[in-house]
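Lettering of chains follows the sequences in order, A, B, ..., and the numbering in each one begins at 1. Computed from a predicted model, the values in this text were never measured in an experiment.
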Amino acid sequence: MAEHLLELRDLSVRFHTARGLVQAVQGVSWHLDRGETLAILGESGSGKSVSASAVMNLIDCPPGEITSGQILFEGRDLLTLNEEARREINGRRIAMIFQDPLSHLNPVYPVGWQIAETATAHGTPAQEARARARELIARVGIPDPDAAMRKYPHQFSGGQRQRLMIAMALALKPDILIADEPTTALDVTVQAEVLSLLGELQRETGMGLLLITHDLGVVAEIADRAVVMEGGRIVEAGTPYDLYHNATHPYTRKLISAAPGRGEMRADRAPVTPLLSCRGLRKEYGSFTALKGAEFDVMPGECLAVVGESGSGKSTVARLVLRLEEASGGQALWKGEDLLTKTPREMAKVRRQLQMVFQDPTQSLNPRMSVYEIISEAWAIHRDVLPKSRWRGRVQELLEQVGLKPEHADRYPHQFSGGQRQRIAIARALALEPELIICDEAVSALDVSIQAQVIQLLGRLRDELGIAFVFIAHDLPVVRDFADRVLVMQKGEIVEQGSVRQIFDAPREPYTQRLLAAGLDPDPEVQARRRAERLALQA
Amino acid sequence: MQRMIGKRAVSSLISLVGLVVLVFFLSRLTGDPAALYLPIDASEEMRQNFREIHGLNDPLLVQFGRYIGDLAVLDFGESIRKARPAIEVVLEGFAWTLQLALITMTLVTLAAVVLGSLAAFRVGSLFDRLASMLSLIGASAPDFWIAIVAIVVFSVGLGWVPTSGTGTVWHWILPIAVLFIRPFGLIVQVVRGAMLTALGSAYVKTARAKGVRNRPIIFVHTLRNAMLPVITVIGDQAAALLNGAVVVETIFGFPGVGKLMIDSILQRDFNVILAAIMVTALAIFVMNLLIDIAYALLDPRIRT
Amino acid sequence: QEGRDVTIVLGEEVDLVEPCMATRSNIGRIVLQNISETLTELDVRGDGGVMPRLAESWEQVDDNTWRFNLRQGVAFSDGSAFDAEDVKHSFERAQSPEITCEISRYYEGIEITPTVVDAHTIDFRTEPAQPILPLMLSLLTIVPSETPMEFTREPIGTGPYALAEWNPGQNIRLERRDDYWGEQPEVTGANYLFRTDEAVRAAMVQAGEADIAPSISAIEATDPAMDKPYPNSETTYLRIDHSVAPLDDIRVRQALNLAVDREAFIGTILAEGTEIATAIVPPTTIGWNSEITPPPYDLERARALLEEAKADGVPVDSEILLVGRTGNFPGATELYEALQAMLSEAGFNIRLQMVEVAEHEQYYSKPYVDDRGPILVGAQHDNSRGDPVFSMFFKYDSEGRQSGIADARADELIAAATAATGDEREQLWSELFAYLHDEVVADVLLFHMVGFARVGPEVEFEPTIATNSQLQLAEIGLK
Amino acid sequence: MSDTTTVPVPPKPAAMRERPALLRLASMLWADKFAFAAALLLLAMIGCALVGPWLMGDAAGGQNLRARNAPPFDLSRGWLYVLGGDALGRPLLARIVVAAQNTLLIAAGAVACSMIIGTTLGLVAGYRGGWTGEVIMRLADVIMSFPSLLLAVIVLYMLAPSVANLVLVLAITRIPIYLRTTRAEVLEVRERMFVQAAIVMGASTPRIVFRHILPVILPTLLTIATLDFAFVMLAESALSFLGIGIQAPEITWGLMVSQGRQYLTSAWWLAFWPGLAIILTTMSLNLLSGWMRVALDPTQRWRLEIGGKRNG
Ligand SMILES: Nc1ncnc2c1ncn2[C@@H]1O[C@H](COP(=O)(O)OP(=O)(O)OP(=O)(O)O)[C@@H](O)[C@H]1O
Ligand SMILES: Nc1ncnc2c1ncn2[C@@H]1O[C@H](COP(=O)(O)OP(=O)(O)OP(=O)(O)O)[C@@H](O)[C@H]1O
Ligand SMILES: [Mg+2]
Ligand SMILES: [Mg+2]
Ligand code: NI
């Protein structure tokens with residue numbers, strides 16, 4: 001057997017918890033060669049991030065424990081190297097893009113500095129490192145790179161932060177890039193750019209790319225090989241084509257068949273009085289206008305999808321409506337009353353009817369509360385919803401509905417995977433059975449099968465309880481399956497809105513057209529064809 | 001920023017005036033300086049005369065009006081005990097106190113931050129336990145113990161440093177060493193605690209993934225995030241020093257403002273009390289402003 | 001003549017170096033007879049009584065007039081010559097209502113008019129007659145006639161030393177004058193330092209940083225080679241307020257006295273050498289009555305007296321407040337705690353309250369608060385002046401500010417003794433002491449205290465009873 | 001549908017699940033031997049405080065000038081004198097035991113009051129901000145620059161001397177540190193996303209502040225509080241000097257320390273033992289607060305939960 005650039009052999013990782021041991025990774029083996037892209041697909045919570053962290057030596061031991069296995073990098077076992085040697089490898093030879101950009105960026109340092117630090121930590125002169133950082137920021141498509149260098153993480157949108165994370169990892173052109181869900185928060189056009197950037201680097205430096213993703217389209221687009229994980233084990237491996245067409249393991253088959261975007265689009269609905277209608281909603285950050293007068297309505301029981309460019313102000317709309325930030329102008333009429341002028345006391349009354357799933361699930365869960373406490377807090381706040389004796393039962397029910405286990409109720413947020421946390425956040429929003437839920441990239445970190453399950457759940461709630469959704473997403477197939485109407489945003493403006501059929505079948509605006517065209521198909525064959533077309537077009 | 005400072009200056013001025021009014025009236029409720037200043041066998045006539053000279057016979061409001069009037073032209077009145085302008089006496093002492101506080105707090109901050117951070121980084125290790133224990137003992141031991149034992153050992157026994165007084169740099173060593181101990185212990189503990197929490201953050205993992213060395217991870221990445229409570233406590237301890245390090249001043253014969261304040265309070269030398277409070281309050285107000293600015297500098301999320 | 005400077009470490013910083021405030025012990029130790037001199041001086045080392053200083057001689061011209069012949073050829077440290085005008089001015093300045101000179105209190109209630117006879121002769125007319133005027137003038141520091149009617153920060157005097165440097169809070173330096181009229185002292189200059197802590201003062205002499213620490217506590221006085229005890233002229237006592245029951249009953253007061261085991265304190269809480277007091281002034285004072293014996297420690301009798309009083313309806317069970325002053329002298333708290341225990345043992349109901357100076361003063365001096373309960377005030381009184389007149393009126397006259405009694409006979413005796421001279425004066429004082437102690441049982445007299453001076457190995461100095469109030473550099477010898 | 005498997009630890013499977021909270025705490029305490037020892041020591045101190053005066057009150061008050069400043073570790077005078085005797089010959093051991101009550105009462109009272117008031121005001125100032133916040137912060141400035149001795153003297157003159165007033169003075173002077181620390185932390189914590197999530201859920205301000213923000217800040221406050229304990233115990237004796245509060249024959253450790261001061265060079269044990277008691281109390285409290293910081297933080301708790309069987 002030839003020496004691989006990176007090889008995992010029989011890796012097992014477990015965690016100590018109050019409730020016993022959690023076996024996160026069990027006997028996982030895979031390898032990655034120079035210039036190759038290996039995709040890890042799999043169920044949310046199946047150990048993808050943990051195995052990647054093991055490569056980076058980032059598992060806290062204890063409570064974590066690597067019980068078996070080897071991680072061979074150019075033939076050397078990383079697990080036996082001393083700290084100094086690991087440090088030399090980290091960042092320079094192997095870099096990682098973390099799944100959860102917000103918490104992985106240091107809140108108190110400007111992002112330019114943080115990106116440059118990757119280089120300076122390995123001896124690059126500061127000047128050079130800054131230049132490189134600036135270049136990378138520009139490369140990942142952040143507007144006004146010079147200003148961005150000096151800004152702090154909280155001043156960026158979710159997708160922008162993810163791209164900063166990418167820039168940080170690429171700073172030293174590593175030999176191996178471990179990308180943990182690098183494009184979950186990116187709209188398809190930006191995603192395409194980022195993927196092509198990665199591809200370019202790969203060609204240029206022979207970088208090995210380990211891509212953890214749930215997006216079959218991405219796999220189809222760039223992966224050379226893929227492995228599928230479930231429950232801490234690798235259940236199947238092969239080329240994307242093989243997996244897509246000839247999957248043998250039932251889980252893989254379930255995954256493939258769950259790929260969204262193939263269902264019926266929802267029929268147009270008769271107009272009714274809107275639940276929420278925004279008029280001229282504006283938000284300025286200093287001299288920068290993040291939102292330039294958004295106007296839209298949300299009807300009761302409808303799903304309004306908001307798609308658009310990363311950084312176009314989608315999350316801002318949500319934050320303004322919920323009064324998490326004060327708007328610079330405009331109105332947000334909730335059943336005819338302006339939310340933006342309500343006093344905190346009045347606002348508290350409406351809150352029950354208006355819930356949100358945040359884009360960064362990790363940060364939105366209180367790390368000191370158990371899952372049970374997090375979800376049941378809704379009822380503790382609104383006493384009339386559910387008697388206390390039924391809380392536990394209902395929490396378990398909600399957890400099961402979003403694909404978690406009842407016993408997860410007593411765990412704490414940090415003990416979950418990214419996708420699991422996102423589901424906890426969803427369960428929390430559902431607990432109150434509000435009239436409107438704003439989902440900000442609420443299913444982006446879920447593998448397609450769970451995603452399908454959650455979407456199904458949301459759909460059921462919409463139909464049965466008449467809950468309306470504002471569904472901020474970049475995943476067009478999901479939007480296509482779930483939304484009633486679609487709103488397209490770009491640069492702080494709503495460029496187009498209409499029924500889902502109208503947008504998907506007959507987009508008017510060029511941006512919308514571009515967006516739709518950039519979508520990736522889960523079928524590697526289709527995707528290969530498109531790629532060829534694209535290349536031909538460029539030539 | 002400028003607007004914030006301006007607003008702050010106004011509100012601080014109001015509180016300073018409030019403080020002065022409060023101290024002026026409350027302190028005058030606490031007894032007659034004549035009884036304390038004059039010898040116990042002084043006659044009533046002498047006392048009357050004394051009160052007349054110092055304007056203590058007038059109604060309180062008249063006295064207050066006069067005081068404020070004088071204050072407007074920066075006349076802080078005379079010290080009864082010292083027969084000198086109160087502000088002069090106070091500034092003399094305050095200069096010493098300020099130096100002492102500055103030097104001590106600088107040393108404390110440096111030492112405590114480094115030690116506390118390292119202890120947190122190696123939580124549970126022998127180093128951590130030892131650093132915690134020693135700093136705790138220092139912080140909870142009576143300060144005069146340390147002072148007197150230090151004098152007995154280092155001055156009388158070993159003859160390394162002078163026992164007390166002022167003059168050379170050597171004279172500063174013991175007072176600073178004694179003053180150092182309590183804030184050091186407290187701040188080590190606060191740093192250690194805050195760092196412990198901060199070191200568990202995800203961005204520390206990012207830094208490790210970048211291959212950043214331990215030292216910058218501790219002192220650059222994490223420390224700044226842990227600094228908010230730390231500088232607050234540093235401020236509190238500095239304020240305590242600015243208010244006067246009484247024990248050190250009495251034991252080491254250090255001419256600071258602390259003993260002056262105590263003597264003035266015990267002797268009801270109102271003008272000195274007021275002047276001293278105004279000067280130290282001003283220093284503390286400015287320091288708190290600086291600390292509030294430091295919050296914003298340290299953590300961009302607070303800047304709004 | 002070879003000489004050198006000495007360093008003296010005092011317990012309390014001076015706020016002023018004002019000659020007319022020299023009766024304050026911390027000022028006096030620096031100023032008195034070093035910078036500023038007086039007309040007369042009390043001999044505390046020998047038996048000489050009142051000795052000449054700036055006055056060469058004096059005589060009583062008539063009942064009410066004293067004439068002082070001043071020394072000639074004396075110059076102030078600013079160069080001006082010393083004459084009768086200076087004396088007159090010094091006296092008037094001390095009496096002036098424009099400043100609150102403390103020495104003026106000794107001339108309270110007496111009308112004194114100085115008259116310049118010639119440049120070196122001055123008459124003092126007093127109303128009423130003042131038999132001890134020469135003694136009283138041993139307190140009057142002489143300043144030049146140009147000295148303004150406000151506290152000066154640059155004292156000018158005729159003494160052998162002059163103020164050279166004053167860094168408030170740090171030190172004061174005196175330097176020897178070349179043009180001093182008298183004999184040149186050995187010490188060329190003195191550096192005064194101030195340390196509140198007894199242990200530090202002791203340590204400084206030990207470490208060689210100071211030559212003399214005029215007062216350290218008995219606890220620190222562990223080295224007989226350096227530490228010299230001296231009666232520090234302080235008398236500790238419990239002032240009884242006779243106007244409130246049950247303390248208005250003599251049996252109760254006797255019981256109080258009998259219940260205290262005075263011997264037990266000496267050599268334990270208080271230094272060896274402490275004497276049991278039978279009067280409020282120390283034994284070196286004129287009129288000292290050696291016949292008076294201190295009350296024995298007799299618990300049985302104390303209890304019996306209390307029983308007796310109780311039987312007569314005296315409310316002996318009522319709570320008596322014992323007020324002590326914190327930090328009054330080393331071991332104060334222990335002393336009062338022990339007293340409380342002893343008195344309780346005898347059957348008293350004592351509540352101890354330790355307070356700071358200002359509050360202590362409220363209990364100690366008139367006007368006393370109304371509807372107060374029975375109170376014992378623990379206090380110290382200091383008289384090193386040699387004559388009881390400086391104490392007795394304040395402490396025992398019905399009008400005295402700190403008097404707990406109102407007794408016609410005592411008033412009479414005090415008045416008579418104050419006016420008398422010579423043996424008669426001594427006689428009257430003696431009588432008063434005995435009367436107060438045995439018949440009135442005015443208070444619980446406790447101890448004449450002992451102080452310690454630590455003197456470094458390189459100087460020679462013997463502390464005296466006056467060391468509490470003055471420290472003449474001229475009396476310091478070098479080894 | 002599947003998830004990673006939870007493998008129960010063999011020896012104690014279901015037991016772990018059902019263990020009541022108290023037992024779980026106890027086992028977490030046992031896991032940290034230092035904290036465990038600290039807890040025992042504190043229990044002993046509290047025991048002294050409860051029954052000490054009743055048990056040794058007489059011995060502590062009994063003067064015996066012959067045993068004055070009796071040196072420690074000399075059993076010839078009986079075991080009560082193992083720590084030596086004080087200036088009036090009272091056994092130090094008995095006095096320390098008896099003094100525990102007043103000492104702990106005053107210190108706990110003052111620290112608890114200042115911490116509760118300071119924290120509450122700090123939470124309001126930090127979370128509410130604006131005009132209210134400004135007023136509170138300036139109030140803190142004023143207290144910080146108000147000399148505690150003056151405050152004590154004023155209280156002494158306006159109110160009667162009593163233990164409650166002593167606690168009042170001590171508490172007031174310590175408020176600013178909690179207030180300012182709390183506010184500083186609130187400024188940062190309130191920007192965190194989970195606080196926003198709570199707002200979205202409609203949580204009331206008290207709930208947000210006490211359930212979400214306070215737990216983050218609490219460990220820091222407890223750290224400060226434990227050291228304040230020592231500070232208050234020592235400061236209290238300085239105020240007793242003024243006549244506020246504790247008066248003989250009542251006794252506190254702080255008072256014993258300050259009375260022993262003058263004997264420091266001749267009979268060190270007078271001030272040493274009560275000083276040691278203060279240090280030990282502070283240290284125990286600090287160890288416990290350190291333990292609590294870990295026990296209350298789910299991301300750190302494993303340190304205690306996996307206890308001795310650390311095999312990573
Ligand atoms: N500190 C921890 N303590 C206990 N369990 C943990 C801990 N960290 C992770 N786990 C568990 O390990 C499993 C694997 O997590 P991992 O983060 O690798 O999932 P993932 O495959 O990346 O999922 P996702 O796609 O949702 O991010 C999860 O079931 C999670 O609950
Ligand atoms: N606190 C802030 N200060 C300055 N600019 C901000 C701040 N918050 C957001 N922005 C800017 O506002 C714009 C809109 O941000 P928003 O989070 O609404 O984007 P988004 O549409 O949700 O993007 P994404 O899909 O990447 O999450 C972005 O360009 C971002 O840089
Ligand atoms: Mg993951
Ligand atoms: Mg967003
Ligand atoms: Ni292979």
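For A:L105, the part lying under 4.5 angstrom from a heavy atom of chain B is the backbone only. Both the backbone and the side chain of A:H104 have a heavy atom closer than 4.5 Å to some heavy atom of chain B. Proximity to chain A (any heavy atom under 4.5 Å) is shown, for B:V204, by neither the backbone nor the side chain.
In this structure, A:R421 fails the cation-pi test against A:F416, since its NZ or CZ atom is not both closer than 6.0 Å to the six-membered ring centre and inside 45 degrees of the ring normal. Judged by the 6.0 Å and 45° rule, A:R93 forms no cation-pi pair with A:F73. Annotation: cation-pi pair A:K151/A:F288 present, NZ/CZ under 6.0 Å from the ring centroid and within 45° of its normal.
Defined by atom type and a distance below 3.5 Å, a donor-acceptor pair is present between the side-chain atoms of B:N225 and A:N106. Donor-acceptor pairing under 3.5 Å is recorded for the side chains of A:D100 and A:S103. Defined by atom type and a distance below 3.5 Å, a donor-acceptor pair is missing between the side-chain atoms of B:Y203 and B:T222.
Here A:H122 is the residue among A:R92, A:M96, A:H122 with the most heavy-atom pairs under 4.5 Å with chain B. Counting heavy-atom pairs closer than 4.5 Å to chain B, the top-ranked of the candidates A:N57, A:N90, A:I89 is A:N90. Among A:E84, A:E83, A:H154, the residue making the largest number of heavy-atom pairs under 4.5 Å with chain B is A:H154.
With hydrogens and angles ignored, the 3.5 Å screen pairs no side-chain donor or acceptor of A:D180 with any backbone N or O of A:F98.
The pair A:E284-A:R282 meets the salt-bridge criterion, since a charged nitrogen lies less than 4.0 angstrom from a carboxylate oxygen. A salt bridge is absent between A:R132 and A:E128; no separation between the charged side-chain nitrogens and carboxylate oxygens falls under 4.0 Å.
Pairing each heavy atom of A:Q422 with each of A:A445, the nearest pair is OE1-N, 2.8 Å.
Annotation: salt bridge (charged side-chain N to carboxylate O under 4.0 Å, His left out) contacts involving residues 155-164 of chain A, sequence neighbours excluded, comprise A:R161-A:D360.
Scanning residues 165-179 of chain A against chain B with a 4.5 Å non-hydrogen threshold yields A:M165, A:M168, sorted by number. For residues 112-121 of chain A, the interface with chain B (any heavy-atom pair closer than 4.5 Å) comprises A:W113, A:Q114, A:E117, A:T118, A:A121, sorted by residue number.
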Which donor-acceptor pairs under 3.5 Å do the side chains of residues 93-103 of chain B make with protein atoms, sequence neighbours left out?
| residue | atom | partner | partner atom | Å |
| --- | --- | --- | --- | --- |
| B:T97 | OG1 | B:G93 | O | 3.2 |
| B:T97 | OG1 | B:V257 | N | 2.7 |

